[in-house]
Amino acid sequence: MESAVTQAGGFSPGVAARVRLVDGRRVFVKAVGPEPNPDTPALHRAEAGITAALPATAPAPSLLLTLEHEGWVVLALEDVDGRTPAQPWRPDELRRVLAAAAELSVLLDPSPIEAPTLADRFGEKFQGWRRLSAASTEGADDLSWLDPWARRHLGRLVDREAAWTAAAAGGVLVHGDLRADNVLLTDDRVVVVDWPWASVGAAWFDVVAMGPSVIMQGLPDTMGVLDRHLHARGADPDDVTTVLIALAGYFLRQSVQAPPPGLPTLRGFQRAQGEAALKWARERTGWR
C-alpha cells in the first residue's frame, strides 16, 4: 500500500478508506471487527455476498476481494471516482438520483439474485407504532415526546402499519438503505454503494425509504417532488402511504432506544428522519 485516505460518512464503526496500491491501482477498503458493535461484521459479510452476485451492468462497485481474520471482515471494492450528493440536497442532484433509482429498479426486475423479501428483512423492525402503543398501554412510556397528531391517531397508525408487508411486496431487488451517503455521483453516472440490506420487494421502496432523509433538510417542495416521482412510476398511493407510516413508526420508536455500541449519532438521525416521515405521512393521509 502506498497511501490511504479515510472516508467520512455512514454509520458503520470501522475502517473506510480509499487506498492507492504500490502498483498504482486504487481500491476502496472497508474493514470492521467485533468491537465496538458486534453486529457490523455480519453486515459486511452480507454486503460482500450481495455485491459479488449483482449483474455487471448494475451501477455498483465491483467486489475485488474479501477476507476474514480474527473476527475482522475486510472488503476491497472498486474505487469509484465520484462524490456524494451535496448536503443539503440540490434539486438537480435529487432529480438525478431519483432518475437513477427508477433505472435501477428496471434493471433489477425481476431480482437477479436470491435475497430476503422486504417482509423477511424488516418485518420485525417495522412494528414501531404497535410497540409504542403497547408501551403506552403498559405505562412504560406516556408518549409525551411524540407529535400530538401521532398520539391522536395512534390506533389508526397501528392498524395501517400492520398492512405494510403486503403493500411493499414485489419482485424487484431494492437497495434497502438508499441515502445520500450511499450514493456516488460521477460525471456521467450515479453509483449506489453499501448493499447489505438488499431485499426483494416493490420497485418504489427505495425512494420512499430515502425520502425522509431528504425532507429533513428542508429543501423546498421535497414532498411534492417525491410524490410526483412516485406517481409517474405508477406506485399505488395507498401502498406508498402504508409503507411510509411503517417507516415513520420504526424511526421514531428507534430514536428513543439506547444508542447501539459505537454508533452515538444514530438515534438523533433516526429522530430527524422519523419526524420527516411523519410529516410526509400526515400530508398523504389527510387525517386531521
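- Between the side chains of R156 and T285, no donor-acceptor pair is found at a separation under 3.5 Å.
- Using modelled atom types, no side-chain atom of W197 and backbone atom of D194 make a donor-acceptor pair closer than 3.5 Å.
- Nearest heavy-atom pair across A46 and P196 is CB-O, 3.9 Å.
- Connection of L157 to V208 is not established within any shared hydrophobic cluster, with ILVMFWY side chains joined at heavy-atom distances below 4.5 Å, either directly or through further cluster members.
- Here the CD-CH2 distance, from E35 to W72, works out to 10.0 Å after rounding to the nearest 0.5 Å.
- Under the 4.5 Å side-chain contact rule for hydrophobic residues, V19 and V74 share a cluster.
- Between D159 and H153 there is no side-chain heavy-atom pair separated by less than 4.5 Å.
- Note on ring orientation: taking the six-membered ring where Trp is involved, the planes of F126 and F205 are parallel (angle under 30°, cut-offs 30° and 60°).
- Here L278 contributes atom CG and L247 contributes atom CG; the two are 11.0 Å apart, rounded to the nearest 0.5 Å.
- D79 pairs in a side-chain hydrogen bond (donor to acceptor under 3.5 Å, both in side chains) with only one of the listed residues (R26, R25, R18, R20), which is R18.
- Atoms CZ and CZ, on R288 and R282 in that order, are 6.5 Å from each other to the nearest 0.5 Å.
- Side chains of L98 and V225 form a contact here, defined as non-hydrogen atoms less than 4.5 Å apart.
- A donor-acceptor pair under 3.5 Å links the side-chain atoms of R284 to the main chain of P237, judged by distance alone.
- Under a hydrophobic clustering in which Ile, Leu, Val, Met, Phe, Trp and Tyr are joined whenever their side-chain heavy atoms come within less than 4.5 Å, directly or via other members, V191 and L63 fall into different clusters.
- Counting only distance, with no hydrogens or angles, the side chain of T51 and the backbone of A48 share no donor-acceptor pair below 3.5 Å.
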Assess whether side-chain contact (heavy atoms from CB on, under 4.5 Å) is satisfied between V243 and D239, documenting all intermediate values.
CA-CA 6 Å; V243 171; D239 287 346; 5.6 Å; no
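- In this structure, L77 and P61 approach most closely via the heavy-atom pair CD2-O, 4.3 Å.
- Residues that satisfy the salt bridge (charged side-chain N to carboxylate O under 4.0 Å, His left out) test with D81, not counting sequence neighbours, are absent from this structure.
- Between E124 and R131 there is a salt bridge, with a side-chain nitrogen of the basic residue lying less than 4.0 Å from a carboxylate oxygen of the acidic one.
- Taking each heavy atom of W89 and V214 in turn, the nearest pair found is NE1-CG2, 3.6 Å.
- In this structure, E283 contributes its side chain and K279 its backbone to no donor-acceptor pair below 3.5 Å.
- Remark: side-chain polar atoms of R189 are not paired, donor with acceptor, to backbone N or O of L184 under 3.5 angstrom.
- When side chains are defined from C-beta on, P55 counts as touching L108, because their heavy atoms get closer than 4.5 Å.
- Panel note: side chain R121, backbone G176; no donor-acceptor pair is recorded below 3.5 Å.
- Partner S255 forms a side-chain hydrogen bond (donor to acceptor under 3.5 Å, both in side chains) with one of R267, Q273, R271, Q270 and no other, that one being R271.
- Two residues are said to be in side-chain contact when any heavy atoms from C-beta on lie closer than 4.5 Å; L43 and V73 fail this criterion.
- Residues L94 and M210 meet the side-chain proximity criterion, which asks for heavy atoms closer than 4.5 Å.
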In sequence, state the C-alpha distance, the side-chain angles, and the governing distance for L143 and L154, and then conclude on side-chain contact (heavy atoms from CB on, under 4.5 Å).
CA-CA 10 Å; L143 304 184; L154 185 57; 3.8 Å; yes
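- Judged by distance alone, with hydrogens and angles left aside, the side-chain atoms of D206 form no donor-acceptor pair with the main-chain N or O of A101 at under 3.5 Å.
- Residues L75 and V80 do not share a hydrophobic cluster, defined by chaining ILVMFWY side chains whose heavy atoms lie under 4.5 Å apart.
- How far NE2 of H231 is from CG of L226: 14.5 Å, rounded to the nearest 0.5 Å.
- Contact record, A281 with L244: N-CD2, 3.5 Å, taken as the closest heavy-atom pair.
- Summarising the geometry, atom CG belonging to D147 is positioned 8.0 Å from atom CZ belonging to R152; distances are rounded to the nearest 0.5 Å.
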Per-pair distances, 0.1 Å, donor-acceptor, side chain in residues 161-170, under 3.5 Å, sequence neighbours excluded:
residue, atom, partner, partner atom, Å
E161, OE1, R130, N, 3.1
E161, OE2, G128, N, 2.9
E161, OE2, W129, N, 2.8

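- By the neighbour-count criterion of 12 heavy atoms within 6.0 Å, atom CD of Q257 is densely surrounded, having more than that number from other residues, nucleotides or ligands.
- Panel note: side chain H229, backbone A99; no donor-acceptor pair is recorded below 3.5 Å.
- Of the inter-residue distances, the one linking F269 atom CZ with R179 atom CZ reads 5.0 Å to the nearest 0.5 angstrom.
- Follow the hydrophobic side-chain contacts under 4.5 Å out from V193 and you never reach I113; the two are in separate clusters.
- Side-chain atoms of E103 and P59, non-hydrogen and from C-beta on, never get closer than 4.5 Å to each other.
- Of all heavy-atom pairs between L266 and P260, the closest is CD2-CG, 3.8 Å.
- The shortest non-hydrogen separation linking A58 to L107 is CA-CD2, 3.6 Å.
- Without hydrogens or angle criteria, Q217 side chain to Q87 main chain gives no donor-acceptor distance under 3.5 Å.
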Would W195 and N182 count as a side-chain contact (heavy atoms from CB on, under 4.5 Å) here? Give the steps.
CA-CA 9 Å; W195 286 80; N182 288 335; over 6 Å; no
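- A salt bridge between R253 and D141 is absent, with no side-chain N of the basic residue lying under 4.0 Å from a carboxylate O of the acidic one.
- The backbone N or O of L146 sits less than 3.5 Å from a side-chain atom of R151, completing a donor-acceptor pair.
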